[in-house]
Amino acid sequence: MSLQVYSTLSRKKEPFHKRPGETVSMYVCGPTVYKPSHIGHMVGPVIFDTVKRYLQYIGYKVTWVVNITDVDDKLIVRAGELKTTVPELAAKMTDDYLDCLKKLNVTGIDQFPKATEHIGGMIAMIGRLVAKGIAYPADGDVYFDVSKDSDYGKLCGFDPEQLEGGARLEVSGKKRNPGDFALWKGAKPGEPKEVTWDSPWGPGRPGWHIECSVMSQKLLGDTLDIHGGGLDLRFPHHENELAQSESDTDKPFAKVWMHNGLLKLRSGKMAGSLGNVLNVADALTLVGGETLRFFILNTHYRSPIDLGDWEPTPGSIPSGLANAQKAFETFTRFGERYQRITGRSFFTSTKPDPRRTMSVDMGSYLMRFSEHMNDDFNTGGAVGVLFDLVTALNRTADFHRLESPGAQADRAMAEFEEGAVLLKELGQILGLFLQAPSQAKLAGGDQLAAGLMDLLIELRNNLRATAKGIADKADPTKKALFDQTDLIRQRLAALNVTLEDRPAGTTWRVG
RNA sequence: GGUCCCGUCGCCAAGUGGUAAGGCAACGGUUUGCAAAACCGUUAUUCCCCGGUUCGAAUCCGGGCGGGACCUCCA
């Protein structure tokens, strides 16, 4: 099956409209930078980063743009609370956002245009809409006239007439229709200078949606191949973007609209307005970026992602994340095992050759993986294939005792190596297995602790060797020695350190 | 009031017409001095309920019950 992508506009899966080798333009709505990012902000970036990785894997070139909205009511309010300026707050929160993306291996974004750097373009587009009679100035503001846009509401299936029934519609005397929305907001008394620009309609600042229309057009052209964002942005943000852009260009704004599901708690919605959000920074200290990414990709992107039970208190890990962490250890452990067997790092090993020949067995894993990804980027199904593959590899390693010193099993070793290369390749498409878990984390970041552990393990292994050397199973000395080795292991376990005795030696890890 | 989504093992979750992936948890077993890790096996004759269409339904249709999102702050 070739690639199928679900589009919100048509409400069905469509064959992807581009041919491999062509460049795909992708625009995803980014954050309003007024608060530190919470984990919900990472869902879209992780998903679309994976979309890009997969598109590249099957032969496309991809240009991906994510906007930074650095002027907005929320920024003005927040800057006031913090006694800082809007640009300073925006710069700080933008850094936070970019740092979060990096920790989650979101590396595919080509450009991050900022709204404040495109004010001129916005004024120009608003001017064109006014000239066309689709927008109208009103007392310092400029509004988009939804009654002039014959297909307004097509993205969400809303009838503009019905919008009048909405309970939360702002009643403004300046608007011609209740559904009209602001393209330009006239400056209000007392608003800081940094958020005020001159325009043909007087000083003010842009409305919420116009920056995406202007920046996507400038950087990616009139028609986007993929427009993405969170489901909550579908209305009004995307509906309005679409209306503005198509009214401006008379061309389709986006070929495919992709909307990702939102993060939720078992108890319901997670939202800044409810005060039950988990910041990315906190989540990173609890479980790490790779686990977070793995967790997000475990569910199909259009479904809501359930964090499970969680109390918004320090140190509390949502049950869904704890589960993901446990599950992901399977791969981490495999990486360690790969290193013990081959002497090379699983995580930094060389890039696989895509043209290599593959055994029938391995080819079937690749095929299953591809079929899931071709089916509207079904990462949840694809992750299942990764588990099957790692199980097969562990089975090979067990059966042929690849970890035992002097294992003579060239064919088995080749089979193991081939599978490991494939596992790594498939993992990378999902943005996983890109770097080794840091040594600092394993040793608790402490050189002294690492050295003491080595000493303790050596002493314990001396005791074990002595005990094993006593042939008489009933010998009280043998038992006494083993009691001591077990005591060491138990006391370390109480400190959250696990010892593992293996044929080639003893290893330890935190957790 | 309008628009839309969902209900699959104790929990998470893939599967949208061809006879129920995967993970976590649990319980047996192999391995181990004992563990840990890994591996093998067991755990949903059944997919919220009731009808219907079909040779065949978790998947399609109708009705019910339950949960959720959006309707100008939200990723």
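Only heavy atoms go into these numbers, but all of them, side chains included; no hydrogens, no water, no symmetry mates. So that the names make sense, note that chain A is the first sequence line, chain B the second, and so on, each numbered from 1.
- A:D475 is linked by a side-chain contact (heavy atoms from CB on, under 4.5 Å) to A:I470, A:D472, A:T477, A:K478, counting only residues two or more places apart in sequence or in another chain.
- Distance from the side chain of A:H300 is smallest to B:A14 among B:A38, B:A14, B:A75.
- Counting non-hydrogen atoms under 4.0 angstrom, A:R234 reaches nothing in the nucleic acid.
- Shown here are the side-chain hydrogen bond (donor to acceptor under 3.5 Å, both in side chains) partners of A:K13, two or more places apart in sequence or in another chain: A:D375.
- Phosphate proximity of B:C74 to A:W208: present, with a side-chain N or O under 4.0 Å from OP1 or OP2.
- Within 4.0 Å of A:D388, counting heavy atoms only, lie sugar-phosphate atoms of the nucleic acid but no base atom.
- Look at A:T391 and you'll find a side-chain N or O under 4.0 angstrom from OP1 or OP2 of B:C39.
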Are there any protein N/O atoms within less than 3.5 Å of an N/O atom in nucleotides 10-12 of chain B, and if so, which ones and at what distance?
from	atom 1	to	atom 2	distance (Å)
B:C11	O3'	A:R266	NH1	3.3
B:C12	OP1	A:R266	NH1	3.4

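- A:K35 has no side-chain polar atom (N or O) that falls below the 4.0 Å cut-off from OP1 or OP2 of B:C74.
- B:A14 is unpaired under the Watson-Crick or G-U wobble criterion, no partner having all donor-acceptor distances under 3.5 Å.
- Between A:K468 and B:G33 there is a side-chain polar atom (N or O) within less than 4.0 angstrom of OP1 or OP2.
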Mind listing the N/O atom pairs, protein and nucleotides 26-28 of chain B, below 3.5 Å?
none

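- In this view, A:K269 and A:A271, A:L274 satisfy the side-chain contact (heavy atoms from CB on, under 4.5 Å) rule, not counting sequence neighbours.
- Listed by first then second residue, pairs satisfying salt bridge (charged side-chain N to carboxylate O under 4.0 Å, His left out) with a partner in residues 36-46 of chain A number zero, not counting sequence neighbours.
- At the heavy-atom level, A:A467 lies nowhere under 4.0 Å from the strands shown.
- With sequence neighbours left out, the side-chain contact (heavy atoms from CB on, under 4.5 Å) criterion links A:M93 to A:V33, A:P36, A:L89.
- For A:D141, the side-chain hydrogen bond (donor to acceptor under 3.5 Å, both in side chains) partners two or more places apart in sequence, or in a different chain, are A:Y143, A:K174.
- Residues satisfying the side-chain contact (heavy atoms from CB on, under 4.5 Å) test with A:Q490, not counting sequence neighbours, are A:D486.
- At a threshold of 4.0 angstrom between heavy atoms, the contacts of A:D73 with the nucleic acid are absent.
- At a cut-off of 3.5 angstrom, the base of B:A37 holds no donor-acceptor pair with the side chain of A:R333.
- Under the rule for a side-chain hydrogen bond (donor to acceptor under 3.5 Å, both in side chains), A:W208 has no partner lying at least two apart in sequence or in another chain.
- Residues satisfying the side-chain hydrogen bond (donor to acceptor under 3.5 Å, both in side chains) criterion with A:Y6, sequence neighbours excluded, are absent altogether.
- For RNA chain B, the neighbouring residues in residues 475-486 of chain A, judged by any heavy atom under 4.0 Å, are A:F482, A:T485, A:D486.
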